[in-house]
Structure formats: C-alpha cells, structure tokens
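So the structure is just underneath, and the comments pick up after that.
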Amino acid sequence: MTMLKAITFDLDDTLWDNHGVMARTEEGHYRWLLEALEAWRAARQEPALVLTHESGGRDYLQRRQQLAKQVSERRGDFTWLRLRALEAQLEAAGLTRSAALMWAAAAMNEFHRLRVQVTPHPEAAGLLAVLTERYQLAAITNGNIHLARQPLAAYFPVAIAAGELLAPKPDPTPFLTALARLNVAPEHAMHVGDSWQEDVLPAQQLGMHAVWISALEDQPLPPRVHRIAHVKELPRVLEMLEKAGLETHHSGGVYSH
C-alpha cells in the first residue's frame with residue numbers, strides 16, 4: 001500500500017448534477033442566438049432568417065455530429081464543434097462569413113455563461129477544503145465548462161480540459177498530463193468520477209486508485225477500485241486506505257512517503 005499524495009476529480013455528475021444545467025444551456029444559448037439575430041436583422045431592415053428553434057436546433061446537432069466524424073481528432077473538443085457548426089449553419093442560412101463568425105462567437109459566449117451556472121453538491125466545497133490540507137488536487141473533465149469560471153475553481157490549481165488536448169477520456173493522456181503537472185506517480189494518486197468507462201477504467205489501468213460514484217452495487221470491482229454512492233462518502237474510502245496502509249507499515253510492508 002502506498003500513501004496517496006494527489007486526488008483528481010471528474011466534474012460533471014461528480015461534484016454537481018449536470019443534467020439540468022446542460023438542458024438549460026443547450027436550449028438557452030440557441031434561443032438567445034435566434035432572438036438576438038432577429039432583432040439585429042430587423043434593425044438593419046433585413047429579412048428574418050429561415051431558422052426556427054426546433055428545425056435549427058436539429059440541424060445544429062446534426063452538424064456537430066457530422067463534424068465529429070469528419071474531424072475525429074476534435075470529437076471531444078465540444079466548444080470547437082459547436083462553434084464551427086454554428087458558423088456553417090449561419091452562413092448556409094444567408095449570413096455573410098464575417099457576420100456568421102461574429103454571431104457564432106457571441107452564441108458561444110452565451111453558452112459558456114449558462115454552462116458555468118452549476119450548483120455544486122452542498123458538501124463539495126467543504127470536502128475539497130479539507131482535502132487540500134492533505135493532498136494535491138486536480139480536475140480532469142471531458143466537458144467544455146470554462147474551468148476557471150466554475151464555482152470550485154480555487155480548489156484545483158491543476159485543471160485539465162481533455163477535449164482541448166484532443167484526447168478525451170478514456171484516453172490516458174489527460175490523466176498522465178495531470179499527474180505530470182502534480183509531479184506525482186500514478187500509484188500515489190486517486191481519481192474520482194461517475195463514469196466506469198471514462199473515469200474508473202483508465203485510472204485503474206494506469207495504476208491509480210479509482211473511486212466510482214455509482215448507485216450500482218452488483219458489479220465486481222477490480223483492484224484499487226472503490227465504489228461510493230455520493231462524493232460526500234469519499235472520506236470513508238480515504239480513511240479505509242489510510243488504515244490499511246498503516247497496518248501494512250506496522251506488519252513490515254512497504255509504505256511509501
């Protein structure tokens with residue numbers, strides 16, 4: 001057993017519930033775009049664009065999906081996909097290239113304004129404050145939330161947006177990048193997340209401990225993987241590991257500081 005020196009965290013659906021936020025952001029930024037465009041064109045005495053929230057939204061999604069297939073290395077860079085899809089849609093709807101670029105960028109500003117309006121679990125800030133006294137912390141996310149603007153940013157001096165590395169989880173690159181910036185070996189680190197495929201398996205395969213936030217209780221767990229129902233239960237896992245490490249130390253095993 002080795003002493004933990006660092007803990008890395010997934011963000012969405014780990015430190016907050018993301019489903020409602022994404023639904024509001026998805027709907028809100030596109031509706032804002034159409035309403036702002038309508039007012040802008042009316043002020044310029046230009047005809048309204050033939051884009052509705054329903055049909056335009058479907059086309060926007062299809063364009064993102066098609067781009068992700070065509071430019072596979074960007075499949076996890078959701079901000080890039082959204083921006084390029086909006087630019088292409090607005091040009092196809094009749095805007096000039098310069099206007100399409102301007103309004104797509106404005107829509108993505110609104111997207112990020114809404115996207116960052118997450119509500120961390122009530123226990124999250126207190127938990128992270130305690131953990132920073134004993135461990136180095138980092139965030140590793142596939143999401144395109146602006147990390148510096150999210151509510152718990154101060155607790156994560158190292159924050160990795162995997163899509164911007166062109167290596168979304170479960171690729172090991174974001175984990176290795178975080179560990180390198182923390183200057184911590186995998187065996188001295190733990191990753192906490194809600195996804196079995198994107199969080200637990202890649203961390204465990206690198207030699208990290210992994211904590212899986214899941215209500216499931218019937219799936220056997222591989223070595224170094226621990227399951228909890230909510231992030232507030234994390235201290236119990238850490239206490240268990242610390243106790244096991246001390247017992248190994250007292251019995252003559254290796255306990256690395």
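Each residue takes its place number in the sequence, starting with 1.
No donor-acceptor pair under 3.5 Å is formed between the side chain of R149 and the backbone N or O of V116. Between the R41 side chain and the E38 main chain, no donor and acceptor come within less than 3.5 Å of each other. Under the 3.5 Å distance criterion, the side-chain polar atoms of R227 are left unmatched by any main-chain donor or acceptor of W212. With hydrogens and angles ignored, the 3.5 Å screen pairs a side-chain donor or acceptor of T132 with a backbone N or O of A129. No side-chain donor-acceptor contact under 3.5 Å links E110 to the backbone of A106. At distances below 3.5 Å, at least one donor-acceptor pair connects side-chain atoms of Q89 with backbone N or O atoms of G56. For E187 (side chain) and M208 (main-chain N/O), no donor-acceptor pair under 3.5 Å exists by modelled atom type. For the pair H112 (side chain) and N109 (backbone), a donor-acceptor distance under 3.5 Å is absent. For the pair R181 (side chain) and V158 (backbone), a donor-acceptor distance under 3.5 Å is absent. When atom types are taken as modelled, the side chain of H188 and the backbone of V184 share no donor-acceptor pair closer than 3.5 angstrom.
The structure places NE2 of H230 at 10.0 Å from CG of L127, a figure rounded to the nearest 0.5 Å. Taken from CZ in R236 to CG in L241, the straight-line distance is 10.5 Å, to the nearest 0.5 Å. Going from atom CD of E26 over to atom CZ of R31 covers 12.0 Å, rounded to the nearest 0.5 Å. A distance of 8.0 Å separates CG in D12 from CG in D194, rounded to the nearest 0.5 Å. Atom-to-atom distance recorded for L179:CG and K5:NZ is 12.0 Å, nearest 0.5 angstrom. Distance check: L101 CG to L86 CG gives 11.0 Å after rounding to the nearest 0.5 Å.
D59 places a side-chain heavy atom less than 4.5 Å from the side chain of R63. Using a 4.5 Å heavy-atom cutoff, the side chains of P202 and D171 are not in contact. Contact annotation: the side chain of D10 never approaches that of S195 to less than 4.5 Å [non-hydrogen atoms, C-beta and beyond]. The shortest distance between side-chain heavy atoms of W80 and V71 falls below 4.5 Å. A 4.5 Å side-chain heavy-atom check between L51 and L90 finds at least one atom pair inside the cut-off. The side-chain heavy atoms of L49 and L95, taken from C-beta on, include a pair separated by under 4.5 Å. Contact of the I140 side chain with the H191 side chain is registered, since non-hydrogen atoms from C-beta on lie closer than 4.5 Å. Side-chain contact between L137 and T8: absent, with no pair of heavy atoms (C-beta onward) separated by less than 4.5 Å.
The two residues W196 and P220 come nearest to each other via the heavy atoms CH2-O, 4.5 Å. Counting all heavy atoms, side chain and backbone alike, P174 lies closest to L165 at CA-CD1, 4.0 Å. A162 approaches N142 most closely through the heavy-atom pair CB-OD1, 3.3 Å. Among all heavy-atom pairs drawn from A229 and E233, the shortest one is N-OE1, 3.3 Å. The shortest heavy-atom contact between A139 and F156 is N-CD2, 3.6 Å. The nearest pair of heavy atoms linking P222 to Q204 is CB-NE2, 3.8 Å.
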Could you give me the CA-CA distance, side-chain angles and deciding distance for L221 and H226, then say whether side chain to side chain contact (heavy atoms under 4.5 Å, CB included) is met?
CA-CA 7 Å; L221 301 177; H226 318 272; 5.7 Å; no
How far apart are the C-alpha atoms of V231 and E123, what are their side-chain angles, what is the distance that settles it, and do they pass the side chain to side chain contact (heavy atoms under 4.5 Å, CB included) test?
CA-CA 8 Å; V231 72; E123 306 85 358; 5.6 Å; no
Determine, stepwise, if the pair F9 / L128 fulfils side chain to side chain contact (heavy atoms under 4.5 Å, CB included).
CA-CA 10 Å; F9 285 86; L128 295 173; 3.8 Å; yes
Salt bridge (charged side-chain N to carboxylate O under 4.0 Å, His left out), that's the test. Do R134 and E242 meet it? Break it down for me.
CA-CA 12 Å; R134 300 190 60 180; E242 182 175 324; 2.9 Å; yes
Test side chain to side chain contact (heavy atoms under 4.5 Å, CB included) applied to L234 and L131, step by step
CA-CA 10 Å; L234 182 60; L131 293 179; 4.0 Å; yes
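The number of heavy atoms from other shown groups lying within 6.0 Å of CD (E164) does not exceed 12. Other residues, nucleotides and ligands contribute over 12 non-hydrogen atoms within 6.0 Å of the CD atom of E73. The environment of E239 atom CD is sparse: at most 12 non-hydrogen atoms of other residues, nucleotides or ligands sit within 6.0 angstrom. With a 6.0 Å radius and a threshold of 12 heavy atoms from other residues, nucleotides or ligands, E46 has its CD atom above the threshold.
Aromatic ring centroids of Y60 and H53 lie 6.0 Å or more apart.
In terms of hydrophobic clustering, with Ile, Leu, Val, Met, Phe, Trp and Tyr side chains grouped at heavy-atom distances under 4.5 Å, L11 and Y135 are assigned to a common cluster. Cluster membership for L67 and L61, using ILVMFWY side-chain heavy atoms within less than 4.5 angstrom, is not shared. Linking Ile, Leu, Val, Met, Phe, Trp and Tyr residues whenever their side-chain heavy atoms come within less than 4.5 Å places L83 and F111 in a single cluster. Residues L114 and M22 are members of separate hydrophobic clusters, defined by side-chain heavy-atom contacts under 4.5 angstrom among Ile, Leu, Val, Met, Phe, Trp and Tyr. Hydrophobic cluster membership differs between I7 and L182, with clusters built from Ile, Leu, Val, Met, Phe, Trp and Tyr side chains linked at under 4.5 angstrom.
Considering L201, I160, D199 in turn, D199 is the only one that fulfils the side chain to side chain contact (heavy atoms under 4.5 Å, CB included) rule with K169.
Under the rule for a side chain to side chain donor-acceptor pair (under 3.5 Å), the partners of R84 that lie at least two apart in sequence or sit in another chain are E87.
Using a 4.0 Å cut-off between charged nitrogen and carboxylate oxygen, R82 and D77 do not count as a salt-bridge pair.
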